[in-house]
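Notes to accompany the following structure.
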Amino acid sequence: MPVFERVQNVLARVMQVPQQQVRLESRKDDFAHWDSIRHLDLIMEIENAFSCTLTMNEATAIGSVRDVVDLIAKKVAA
Amino acid sequence: MNSVDGAVEIVLALFGPSARLHHVGLAVREIAAAGIVDLDVTHDPVQRVRVAFVSVGGARIEMIEPAGADSPVAASVQKGNRLLHLCYEVDDIHEAMSAARRNAFKVVHEPTSAAAFDGRPIAWVYHPLWGLFELLQRAL
């Protein structure tokens, strides 16, 4: 499954929105539940889903769906 | 193992044996809204918050107000005031962080000097079940 679709699954589950609402251009502010605690849930879910570890600098830099996809793509390629 | 009114209570040392509850963090839109005279409000530029402490029935509560739109608590308080974290004071913050990692916590902020605690180091750890915890180095 492409990275975006997997990220879409995780984000939809964590932010409690339908999958179609998670678009590549969606930003943090587009999700009512995306606060600091939900952000931490998202980081841990992403780490589990992609078997990787995000540094806190990487985690705090995430502000959009595209940020997550780009970061994972970079991690997978490394 | 302890007992609470007949119910079994399991003792967990998530942050090591020295950890003791120091305070409960309550994120608020505005500390001044509490209407408490003489509150000692401290601005922490690192955490991007202003904080003040009160004691309620023996429990210390840290009121946390965002210091700007980029504050980590800014989004939380948009939905109203809410309990945010528990803070545990520990003998050795690095040992406590190691214990937290062993218990599947993620370290979300390495130790840094905290204005609200006379520069004593604090660290932040998070667990999807247990939630957000602040670790505070006990004063020597």
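Chain naming here is simple, since letters A, B, ... match the order of the sequence lines and numbering starts at 1 in each. Computed from a prediction, not measured in an experiment: that's the story for all the values here.
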Problem - Residues of residues 65-80 of chain B contacting chain A, heavy-atom criterion under 4.5 Å, by residue number - result: B:Pro72, B:Ala75, B:Ser76, B:Lys79

Problem - Atom pair CZ (B:Phe105) and CG (A:Leu40), whose distance is rounded to the nearest 0.5 Å - result: 12.0 Å

Practice task
Check the hydrophobic clustering (I, L, V, M, F, W, Y; side-chain heavy atoms under 4.5 Å; chains of links allowed) and say if A:Ile37 and B:Leu135 are grouped together.
Solution key: no

Problem - Proximity breakdown for A:Glu47 and chain B, heavy-atom pairs closer than 4.5 Å - result: side chain

Exercise for the section: Please check if B:Leu86 and B:Ile10 belong to a single hydrophobic cluster, counting links between Ile, Leu, Val, Met, Phe, Trp and Tyr side chain heavy atoms closer than 4.5 Å. Expected result: yes

Handout entry: Per-residue contact mode, A:Ala59 against chain B (heavy atom under 4.5 angstrom)
Key = neither

Practice task
Please look at A:Thr53 and chain B and tell me whether the side chain, the backbone, both or neither of the residue comes under 4.5 angstrom of a heavy atom of that chain.
Solution key: side chain

Exercise for the section: Spell out, yes or no, whether A:Ile46 and A:Phe31 are grouped together once hydrophobic residues are joined by side-chain heavy atoms under 4.5 Å, including indirect joins. Expected result: yes

Exercise for the section: Kindly indicate whether the side chain of A:Ile43, heavy atoms from C-beta on, has any atom under 4.5 Å from the side chain of B:Tyr126. Expected result: no

Practice task
Apply side-chain contact (heavy atoms from CB on, under 4.5 Å) to A:Met56 and B:Glu110, showing your working.
Solution key: CA-CA 9 Å; A:Met56 281 325 292; B:Glu110 295 285 338; over 6 Å; no

Problem - Selection from B:His85, B:His109, B:Lys106 maximising heavy-atom pairs under 4.5 Å formed with chain A - result: B:Lys106

Handout entry: Joint cluster assignment, A:Leu54 & A:Met15, ILVMFWY side-chain distance < 4.5 Å
Key = yes

Problem - Contact summary for B:Arg82 and A:Asp35, nearest pair of heavy atoms - result: NH1-OD2, 3.5 Å

Fill in the blank from the handout: Closest non-hydrogen contact found for B:Ala104 with A:Met44 is O-CE, 3.9 Å

Practice task
Indicate if B:Trp130 and B:Ile122 have the same hydrophobic cluster label, given that clusters are the connected sets of ILVMFWY residues with side-chain heavy-atom separations under 4.5 angstrom.
Solution key: no

